[in-house]
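Please read the structure below before turning to the comments.
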Amino acid sequence: MLKKIVLFLLLIMVVTSACGKKDVKKDDLTSILQRDKIIVGVKDDTKPFGFRDKDGNLAGYDIDLAREIAKGLLGSENKVEFVSVTPSNRIMRLNNEDVDMLISTMSVTNQRQQVVDFSIPYYIAGQAIMVNGDSKAATIRDFSGKRMIIVFGSTSEKTLRMNVPDVKVIGYKTYPEAYRALKARKADAMVADDTILLGFTLSDKSVRLLNKRYSKEPYAVAFRKTNASKDLQYKVNYILENMQSSGKLNRLQEKWHIK
Ligand code: GLU
């Protein structure tokens with residue numbers, strides 16, 4: 001009899017400790033609702049998507065989108081905390097649970113889909129080439145055997161490997177560093193999303209974009225690839241679909257001149 005009671009007590013302990021563990025690891029949406037704010041990984045140097053305005057505040061299309069998602073999930077566009085990420089550290093920051101999601105000019109690619117989940121696309125960019133004003137180049141093939149700048153962790157390197165395999169690739173950590181390197185003539189051109197490059201050419205007439213686009217870059221919100229993020233993904237997709245059908249997404253694109 002005593003043996004049976006001990007076994008029964010042991011069983012209860014195992015069951016309750018298992019339940020306890022489940023409580024500790026909540027799903028992402030529940031954690032957000034309890035915390036009453038979302039934590040979003042964004043760019044802070046990529047105009048007009050995520051950048052610091054003249055007062056030092058974060059602004060841009062991705063930032064506005066994050067605020068809309070906060071409003072949709074928690075009822076206020078102020079219930080959001082931003083964490084600055086770069087193309088090379090953003091997936092690590094997401095998987096370390098430093099952020100709930102990434103809204104960081106991040107394109108959906110097959111390779112990235114192995115490690116993160118994506119929302120529906122919220123913008124489509126394309127990759128372009130930026131050169132110094134006196135460059136004679138007209139297409140990507142003119143850079144065969146030359147030097148081209150990319151940002152580490154971005155899709156630009158793949159675009160180069162596919163179009164000009166013998167180009168010498170020079171990488172930088174951020175877009176402003178890459179732009180300064182082009183201006184300092186450390187290479188013959190820079191490859192990046194057209195919208196990001198336009199952020200430079202609009203304020204600097206000594207650089208320009210070549211006409212052609214070399215890839216399609218569907219930007220989407222990235223989530224951890226776990227069951228715990230599924231409810232959050234569902235809700236965010238619902239918010240994005242509503243923004244699309246109500247014309248809100250279009251209006252934001254007009255606001256940031258990326259339409
Ligand atoms: N959209 C491209 C990418 O996801 C370039 C922009 C970026 O580096 O964030 O790689």
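Here, residue 1 is the first one in the sequence, and each next residue gets the next number. What's counted below: heavy atoms across the whole structure, side chains too, no hydrogens, waters or symmetry copies. First listed ligand is number 1; within each ligand, the first listed atom is number 1.
- Side-chain atoms of N237 never come within 3.5 Å of backbone atoms of Y234 as a donor-acceptor pair (strictly under, hydrogens ignored).
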Chi angles and distances behind the salt bridge (charged side-chain N to carboxylate O under 4.0 Å, His left out) call for D188, R147: CA-CA 6 Å; D188 303 283; R147 293 148 70 93; 5.6 Å; no
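- Proximity of E157 to ligand 1, defined as any heavy-atom pair under 4.0 Å, is not found for any part of the residue.
- Counting heavy atoms from C-beta outward, F152 and T86 have side chains that stay 4.5 Å or more apart.
- Shown in contact with R90 at under 4.0 Å from a heavy atom are these atoms of ligand 1, numbered in order with element: 3 (C), 4 (O), 7 (C), 8 (O), 9 (O), 10 (O).
- Remark: side-chain polar atoms of R112 are paired, donor with acceptor, to backbone N or O of S107 under 3.5 angstrom.
- Counting heavy atoms under 4.0 Å from ligand 1, residue S104 touches it through the backbone alone.
- Residue contacts with ligand 1: T46 is excluded, as none of its non-hydrogen atoms falls under 4.0 Å.
- When heavy-atom distances to ligand 1 are checked against a 4.0 Å cut-off, S107 comes that close through both its backbone and its side chain.
- Of the N and O atoms on the side chains of S229 and D28, not one donor lies less than 3.5 Å from an acceptor on the other residue.
- Side-chain atoms of D62 and Y219 form no donor-acceptor pair, as typed in the model, at a separation below 3.5 Å.
- Of all atoms in ligand 1, listed by their number and element, those nearer than 4.0 Å to a heavy atom of P87 are 8 (O).
- Geometrically, ligand 1 and Y219 share no nitrogen or oxygen pair separated by less than 3.5 Å.
- Contact annotation: for I196 versus ligand 1, heavy atoms closer than 4.0 Å belong to the side chain alone.
- Proximity of L73 to L232: side-chain heavy atoms (C-beta onward) are separated by under 4.5 Å at one or more points.
- Nearest residue to atom 4 (O) of ligand 1 from R112, Q127, E217 is R112 (criterion: closest heavy atom).
- Close contacts between ligand 1 and K43 involve ligand atoms 7 (C), 8 (O), 9 (O) [criterion: under 4.0 Å to a heavy atom].
- The side chain of D193, and not its backbone, has at least one atom closer than 4.0 Å to an atom of ligand 1 (non-hydrogen atoms only; side chain from C-beta on).
- Aromatic ring pairs are classed by plane angle as parallel below 30°, tilted from 30° to 60° and perpendicular above 60°; the pair F51 and W256 is perpendicular.
- Of the heavy atoms in Y175, only side-chain atoms (C-beta onward) come closer than 4.0 Å to ligand 1.
- Under a 4.0 Å criterion applied to the non-hydrogen atoms of M106, ligand 1 contributes the atoms 4 (O).
- With rounding to the nearest 0.5 Å, the separation of OG in S156 from CD in E217 is 7.5 Å.
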